[in-house]
Amino acid sequence: MERLFSEGVTDEDMKKLPVSQFDGQITVVDSLDKFYPALSQLRKARLLGFDTETKPSFKKGQKNRVALLQLSDDSQAWIFRLNIIGLPPELAHILSDPRITKVGVAIHDDLKALRSLRPFEPGGFIDLQSIVADHGIKVLGLKKLSAIVLGFSISKSQQVTNWETPALTWPQQLYAATDAWVCRMIYLGINGHDGH
């Protein structure tokens with residue numbers, strides 16, 4: 001099989017790459033009034049990027065519950081504030097639906113955290129870490145995968161912020177949306193599609 005991608009990327013090369021981010025519409029879902037319109041759009045999706053965020057814990061042995069679930073298609077990202085609305089059964093159903101492909105990176109812990117809010121059987125998930133090796137890629141982090149497959153870097157400056165803050169800042173929203181969107185883009189890039 002012809003190798004399409006390099007095995008890895010150096011930090012020096014990363015610094016030379018352009019930084020890209022999600023530039024579509026971001027919907028923060030922090031009430032049930034916003035939840036149902038988002039749900040009807042998500043039910044039509046066939047391929048979604050997936051990620052979660054949890055407030056960092058700086059105390060030994062203390063673990064916070066998952067605060068955000070992000071899902072994204074090519075032009076829209078939905079940020080569900082699970083610390084406010086919980087995990088509604090209809091959203092759990094989307095996470096179980098095998099007809100909607102959901103692509104993330106290192107998703108095992110994400111799914112475990114989501115299932116602690118409401119039990120569900122995950123369906124339709126693809127973990128990028130389990131498929132990139134088939135394409136000759138040896139790195140597993142999202143930032144390096146986006147550099148290798150898509151030719152751009154993503155910012156990680158908001159990673160250790162408070163995801164349970166009363167109102168998410170615009171940089172937090174952009175970071176959360178980008179992480180989900182870029183998973184979808186990497187999956188399409190690996191499979192030879194441009195994302196639309």
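No experiment lies behind these values; they were computed from the predicted model shown.
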### Message
Tell me whether Ser146 contacts the main-chain N or O of Phe152 through its side chain, where contact means a donor paired with an acceptor under 3.5 Å.
### Response
yes

### Message
Which heavy atom of Phe125 sits nearest to which heavy atom of Leu95, and what is that distance?
### Response
CE1-O, 3.1 Å

#### Entry: Asn64 atom CG: more than 12 heavy-atom contacts under 6.0 Å
yes

### Task
First locate atom NE2 of His93, then atom CZ of Arg118, and finally report the distance between them rounded to the nearest 0.5 Å.
13.0 Å

### Task
Let me see the working for Arg115 and Glu121 under salt bridge (Lys or Arg N to Asp or Glu O under 4.0 Å), right down to the final yes or no.
CA-CA 8 Å; Arg115 292 173 79 184; Glu121 200 49 56; 3.6 Å; yes

#### Entry: Ile79 CD1 to Leu68 CG distance, which is reported to the nearest 0.5 Å
6.5 Å

### Expected output: side-chain Ser153 to main-chain Val19 donor-acceptor under 3.5 Å
no

### Task
Keeping the roles fixed (side chain from Lys102, backbone from Leu71), state whether a donor-acceptor pair exists under 3.5 Å.
no

### Query
Do side-chain atoms of Gln172 reach the backbone of Thr169 as a donor and acceptor pair under 3.5 angstrom?
yes

### Task
Examine distances only and state if a side-chain atom of Glu164 and a backbone atom of Lys55 form a donor-acceptor pair shorter than 3.5 Å.
no

### Query
Under the 3.5 angstrom rule, does the side chain of Asp51 hit a backbone N or O of Asp179 as a donor-acceptor pair?
no

### Query
Please walk me through it: do Leu150 and Val182 pass side chain to side chain contact (heavy atoms under 4.5 Å, CB included)?
CA-CA 9 Å; Leu150 303 172; Val182 88; 3.7 Å; yes

### Task
Decide if atom CZ of Arg46 counts as having more than 12 heavy atoms of other residues, nucleotides or ligands within a radius under 6.0 Å.
yes

### Task
For the pair Gln70 (side chain) and Ala176 (backbone), establish whether a donor and an acceptor sit closer than 3.5 Å, ignoring hydrogens and angles.
yes

### Task
Measure the spacing between OG1 of Thr54 and NZ of Lys63 and express it to the nearest 0.5 Å.
6.0 Å

### Message
Tell me if a side-chain donor or acceptor on Ser130 pairs with a main-chain N or O of Asp127 at a distance below 3.5 Å.
### Response
yes

### Query
Are Leu48 and Thr101 side-chain neighbours, meaning at least one heavy-atom pair lies under 4.5 Å?
no

### Query
Looking at the rings of Trp163 and Tyr175, which for Trp means the six-membered one, are their centres under 6.0 Å apart?
yes

### Query
Can you find a heavy atom in the side chain of Leu47 that is under 4.5 Å from one in the side chain of Val103?
yes

### Query
Is the closest side-chain heavy-atom distance between Val29 and Leu69 below 4.5 Å?
no

## Note on the structure
Distance col, row Ile85:CD1 vs Leu87:CG, nearest 0.5 angstrom, shows 8.0 Å

### Query
Does the pair Lys144/Asp13 count as a salt bridge with the N-to-O cut at 4.0 Å?
no

### Task
In sequence, state the C-alpha distance, the side-chain angles, and the governing distance for Val132 and Ile190, and then conclude on side chain to side chain contact (heavy atoms under 4.5 Å, CB included).
CA-CA 8 Å; Val132 294; Ile190 284 173; 3.6 Å; yes

### Task
Using a 4.5 Å cut-off on heavy atoms from C-beta on, say whether the side chain of Lys143 contacts that of Leu145.
no

### Pair Lys34 + Asp30, salt bridge at N-O below 4.0 Å
yes

